Structures are given as structure tokens and as C-alpha cells.
Colleague: 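The structure under discussion is supplied below as C-alpha cells; questions concerning it will follow.
Computed from a predicted model, the values in this text were never measured in an experiment. Within every chain, numbering begins at 1; the chains are lettered A, B, ... in the order of the sequence lines, protein sequences first and strands thereafter.
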Amino acid sequence: MFSNDSRWDRHTPDQSREEDVIEVGVIFRKNKIIPTCFVWRHEKYVIEEITYYWQERRGGYILHFFSVTHHSNVYQIYLHNIHMCWRLKDVCPNS
Amino acid sequence: MHIDMDAFFASVEQQVNPALRGKPVIIGGRNNKYRSIICAASYEAKARGIENAMPSWKALKICPDAIFVPADTTKYVYTSDQIFQILQNFCPQVEKFSVDEFFLDIDGCQGLFGSALDMGLAIKKKIKQRFGLTCTVGVAPSRITAKLAAKLHKPDGIAVLSKKEVLTLLTTLPVEKICGIGPRLKERFHYLGVYTCGDLVQYPNSLLKKQFGVVGLWLKAACLVEDISDIPFFADGKPKPKSVGHSQTLRYVSTDQDFIHDWFYLLSEMVAQRLRRQKLQGRTVYIYVADGFKGGHSKRKTFIEPTYDGYEIYQRCLEIIDIFPCKELLVRVLGVSVSNLEPANAIYLFDKDIKRERLIQSIDHINNKHGEWTVYPASLRCARY
């Protein structure tokens with residue numbers, strides 16, 4: 001039986017850059033969190049599409065990741081389920 | 001029924017970033033895109049000649065406009081877990097064969113979802129709706145033939161084969177197409193004049209066992225679409241591992257002995273965790289080091305006491321390092337493996353051993369509850385970050 005837990009690199013967080021705290025507007029619908037916009041460095045970004053969602057467990061807490069688009073750029077944002085804090089993990093400019 | 005996700009890692013990344021869709025995407029290690037191994041490639045990249053397990057520099061030479069994306073395993077593992085849950089809604093007997101492959105025993109479930117074809121189509125639709133990912137479904141009388149059916153109908157295909165159709169297909173099918181026959185086994189079969197599955201079926205059992213052991217019988221049974229559960233190799237439904245090991249390629253060639261020892265400790269802990277999960281312990285410890293340029297060194301040693309304790313395995317590694325011919329290790333790749341396995345059923349008599357056993361059990365309990373590596377030896381921080 002395959003085990004997901006057998007890889008160390010799964011648990012190694014990418015700490016290449018400081019992750020900025022952001023403010024996010026969300027809708028709660030049918031037990032789901034749907035981010036609609038976020039404010040990063042005093043600028044508002046309206047979310048056009050949520051392209052993907054996934055979770056990551058780090059010890060006792062869970063991070064809810066959303067990959068979202070704004071003007072064709074892709075932003076990865078996440079919610080910390082204990083601190084209830086949103087952060088921006090990554091930005092992929094459309095190239 | 002066998003479900004095989006199409007170019008899984010690359011497809012997930014294409015879903016995450018729409019700009020990657022329709023483009024050659026290759027997934028590799030996180031550190032350096034030129035010193036990595038391709039762990040997945042999109043179909044657009046595969047069409048340009050890029051294969052899985054190819055060195056990334058070679059892949060980028062073949063296809064310079066390929067987009068390199070560092071692997072993010074949490075994303076893939078989460079998606080895989082969710083797909084597993086979806087499949088469990090269709091059938092209670094689901095087995096995760098790998099992160100992107102699943103087996104379903106659909107006997108008895110077809111009344112709920114119609115024929116095997118209907119069920120396969122429903123699964124494909126559900127996965128597509130939920131994640132935007134495509135998969136290939138193979139349905140056949142045995143696991144190995146279901147996997148083969150899926151392999152022959154990739155990508156985004158579905159194949160339902162009866163026993164008669166499978167036997168007809170196998171007659172002329174090259175023997176290396178069967179799961180479990182790699183390049184070396186293929187060469188050995190060719191040397192014996194076995195080129196197709198039809199040839200393999202004709203080969204006498206006694207000679208097959210003599211040449212390949214029970215694996216030979218198992219492969220023949222697979223080609224005959226027979227039940228393999230009475231073959232000793234699979235007597236209790238699962239193959240018995242001969243060894244459990246882990247290896248790691250470091251970001252750079254290191255001469256820092258403390259750093260290298262920390263990595264040995266980390267790999268020992270990883271091996272020990274897997275041993276404990278499989279309720280096994282081993283006596284022989286094998287270590288491997290290579291500098292990434294010339295060939296590597298390896299050494300093994302068998303100890304009297306079997307173990308599944310990571311620290312003990314690490315101590316044994318250090319003992320083996322002491323008998324290495326080179327005193328100063330220059331390391332890019334290193335690996336630890338434990339063999340000579342037996343069931344873990346030791347009873348400890350001394351207080352020290354009982355305490356150690358309790359500590360290991362407590363750590364396992366916490367890590368099983370809160371996620372792997374929630375608790376780990378402090379000295380591993382150096383290797384971890």
C-alpha cells in the first residue's frame with residue numbers, strides 16, 4: 001500500500017521569502033470559504049477565479065490554500081485555521 | 001478497475017496556473033532547475049520527447065521552452081487523498097497504489113452505478129468536475145490487466161476488457177508492457193526467447209521458477225489472468241519487502257561532516273518510521289554515499305540485534321562510516337537502507353529498553369495524530385532547513 005507520509009520533502013516548508021499578511025474579503029457558502037478580493041500592500045485585488053484549492057497540515061494546524069487569479073496573474077493565498085490570518089504565499093506573473 | 005491520473009503533477013500545476021495550460025510543463029526538484037530529475041511532464045512536454053526521470057538539464061536541452069515548475073508535494077498529496085475519498089463513494093474496496101494510481105475491486109458495486117463502463121465514466125466525470133483533471137480507467141479481470149488496459153488507452157481514455165479480450169490482446173503483446181517487467185527482466189526474457197506474453201504463457205513452470213523464482217510464476221499467472229493469491233510471494237495479498245530505504249540528493253556537495261551525519265540521522269529516522277509502520281525490524285544496515293561526479297561508495301553490516309529505532313540505525317550507520325576507505329566524506333547523494341527484515345515482536349526486559357520503546361511509541365502516536373514530523377529529534381534541524 002502506498003503511503004503519502006513516506007516522503008520527507010513533503011514536510012519541508014519553502015522558506016525562501018517572507019510571506020506577507022493580507023486582508024481578504026470572503027463569502028461563506030455551503031460550508032465553503034470563497035475569497036472574493038484581497039488587499040496587499042494597500043492595493044485591492046478583485047479575485048476573478050479560484051483555480052485550485054488544497055490543504056496542508058503542519059502539526060496541529062491546517063493551512064487552507066487558494067490559487068486565485070487577478071488580471072491573469074496567479075496568486076497563492078492561504079488561511080491559517082488557528083490564527084485566522086491570511087497570507088500571500090506566492091505570485092506567478094502571467095508569462 | 002484501475003484509475004491512472006494523466007500526467008498528474010503537471011496537470012495539477014496546469015490547473016493551479018491557467019497560463020501553463022496547453023504548454024510543455026515539467027515538474028522537478030525545488031532547489032535548482034538544472035540539477036534536478038523530471039518527476040512529471042505534461043503531455044505537451046512528452047510529445048516533445050521529455051520523459052519522466054530524465055535529468056532536467058537534458059529535458060531543457062531537448063525542449064528549451066519547457067516551463068519548469070518546482071514540485072509541491074502537499075498539493076498533489078491533498079488532491080490524491082480527495083480523489084481517494086471520491087472513489088470510496090463509488091466502491092468500498094479502494095487501494096492507493098501510488099499517489100496517482102488507484103485500484104478498485106468493483107465486484108458487487110456495479111448494481112449501484114450500472115455497468116463497469118458507466119461506473120468508469122461516472123468516476124472520470126466526477127474527478128473532472130471537482131479538480132479539472134483527466135484520468136484513464138482500465139477495467140479487466142485482474143489488477144495487472146486492468147493496469148495494462150489503462151496504460152494502453154492513455155490519456156483520458158477508458159477501456160473495459162473481458163477475460164477473452166485480455167487473452168487475445170496478451171498473445172501478441174510485448175512482454176515488457178506488463179507491469180513489473182523492467183529493462184533488465186526484459187533482457188533476460190529475450191535471452192530465453194520470450195518476446196511476447198504469448199511466449200511467456202507457453203514457457204514451462206519449472207523452468208520459469210528456476211530462472212526467475214516465484215516472480216516468474218506470478219508473471220505467467222498474470223498473463224493467464226489467473227488468481228495470484230495462492231502463489232507464496234503474494235500469499236497474504238501483499239509482497240513482502242526485502243529492504244526499506246531512503247536516499248537524498250543534497251543541494252550541493254558537502255564536506256561538512258556534522259551536516260552529513262545529520263542527514264544520515266534524518267534518513268535513519270525516515271527508514272525507522274516506515275519499518276514501524278510495516279511492523280518490521282531489520283538486522284542489516286546499508287549506507288551509500290556519492291559525490292555526484294564519480295561513482296559512489298557503499299557498505300553494509302549485519303548486526304545481531306534487529307531494530308526499528310531510528311537512533312539505533314543512525315548509530316549503526318556511524319559504525320559503518322568508520323570502516324569506509326575514505327576518512328573525509330565528500331557527499332552529494334546519500335542513502336540508508338535496512339534489510340534482513342523480520343516481524344517486529346520483541347519483548348524488552350531492561351528498563352532502559354522499555355523506556356526507549358515507550359518514547360518511540362509516544363512519538364509515533366503524536367505524529368500519527370498531528371501529522372508526520374510534528375515531533376522530531378532537535379539535532380535534525382540542521383538537515384531540515
Side-chain angles (χ1 to χ4, degrees), chain A residues 1-19 30-35 47-82 87-95, chain B residues 12-21 23 29-30 67 69-82 84 95-102 130-132 237-238 244 246 248 263 266-267 269-271 273-274 277-278 366-376 380 383-385:
Chain A
M1 184 71 130
F2 171 79
S3 168
N4 290 325
D5 301 328
S6 57
R7 289 304 306 262
W8 169 259
D9 57 1
R10 181 189 162 194
H11 309 281
T12 311
D14 184 359
Q15 297 189 327
S16 52
R17 56 177 280 277
E18 188 72 23
E19 291 160 356
K30 292 180 184 173
N31 296 330
K32 282 185 180 172
I33 311 165
I34 303 167
I47 293 168
E48 289 154 6
E49 189 192 354
I50 301 170
T51 57
Y52 215 74
Y53 164 79
W54 70 99
Q55 291 176 6
E56 184 179 334
R57 176 180 274 281
R58 286 190 194 163
Y61 56 89
I62 294 173
L63 305 180
H64 298 268
F65 283 89
F66 297 83
S67 171
V68 300
T69 59
H70 170 79
H71 289 174
S72 305
N73 294 330
V74 180
Y75 301 83
Q76 284 184 14
I77 59 175
Y78 68 84
L79 171 67
H80 190 299
N81 79 322
I82 305 289
R87 283 179 186 270
L88 177 72
K89 190 195 176 206
D90 210 358
V91 184
C92 308
N94 184 18
S95 53
Chain B
V12 169
E13 292 299 344
Q14 284 177 323
Q15 287 305 311
V16 169
N17 187 351
L20 300 178
R21 292 175 198 169
K23 292 180 183 167
R30 219 183 250 171
I67 301 164
V69 180
D72 181 355
T73 43
T74 52
K75 217 182 281 172
Y76 316 138
V77 168
Y78 174 77
T79 308
S80 175
D81 288 344
Q82 294 296 304
F84 185 76
E95 185 188 310
K96 194 179 260 194
F97 187 61
S98 71
V99 74
D100 64 342
E101 289 180 73
F102 308 87
R130 177 83 190 272
F131 302 103
K238 281 181 190 172
V244 173
H246 271 287
Q248 179 73 27
W263 265 104
L266 174 56
L267 294 173
E269 284 288 348
M270 290 165 77
V271 169
Q273 272 197 356
R274 280 180 59 202
R277 201 176 292 130
Q278 297 180 51
I366 294 168
N367 286 339
N368 289 339
K369 190 173 177 185
H370 295 290
E372 293 289 307
W373 305 101
T374 303
V375 178
Y376 59 90
L380 292 183
R384 197 175 170 190
Y385 298 116

Colleague: Given side chains that start at C-beta, do those of A:V74 and B:P18 come closer than 4.5 Å, heavy atoms only?
Modeller: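 A:V74 reaches B:P18 side chain to side chain.
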
Colleague: Going through the distances and angles, do B:V12 and A:W54 end up as a side-chain contact (heavy atoms from CB on, under 4.5 Å)?
Modeller: CA-CA 11 Å; B:V12 169; A:W54 70 99; over 6 Å; no

Colleague: Measure the spacing between OG1 of B:T74 and CD of A:Q55 and express it to the nearest 0.5 Å.
Modeller: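 Between B:T74 OG1 and A:Q55 CD, I get 11.0 Å after rounding to 0.5 Å.
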
Colleague: Any chance you could measure A:Q76, atom CD, to B:D72, atom CG, to the nearest 0.5 Å?
Modeller: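 So the CD of A:Q76 and the CG of B:D72 are separated by 7.0 Å.
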
Colleague: Is it the backbone or the side chain of A:T51 that comes under 4.5 Å from a heavy atom of chain B, or both, or neither?
Modeller: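 Looking at A:T51, backbone and side chain both touch chain B.
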
Colleague: What part of A:Y53 gets within 4.5 angstrom of chain B, counting heavy atoms only: side chain, backbone, both, or neither?
Modeller: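 A:Y53 touches chain B through backbone and side-chain heavy atoms alike.
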
Colleague: Examine whether an atom of B:Y76 lies under 4.5 Å from a heavy atom of chain A, and if so say whether it belongs to the side chain, the backbone or both; otherwise answer neither.
Modeller: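 No part of B:Y76 comes within 4.5 Å of chain A.
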
Colleague: Would you give the length of the straight line joining atom NE2 of A:H64 to atom OH of B:Y78, rounded to the nearest 0.5 angstrom?
Modeller: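 Separation between the atoms: 8.5 Å.
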
Colleague: Show the numbers, then the answer: is there a side-chain contact (heavy atoms from CB on, under 4.5 Å) between B:T79 and A:Y52?
Modeller: CA-CA 10 Å; B:T79 308; A:Y52 215 74; 2.9 Å; yes

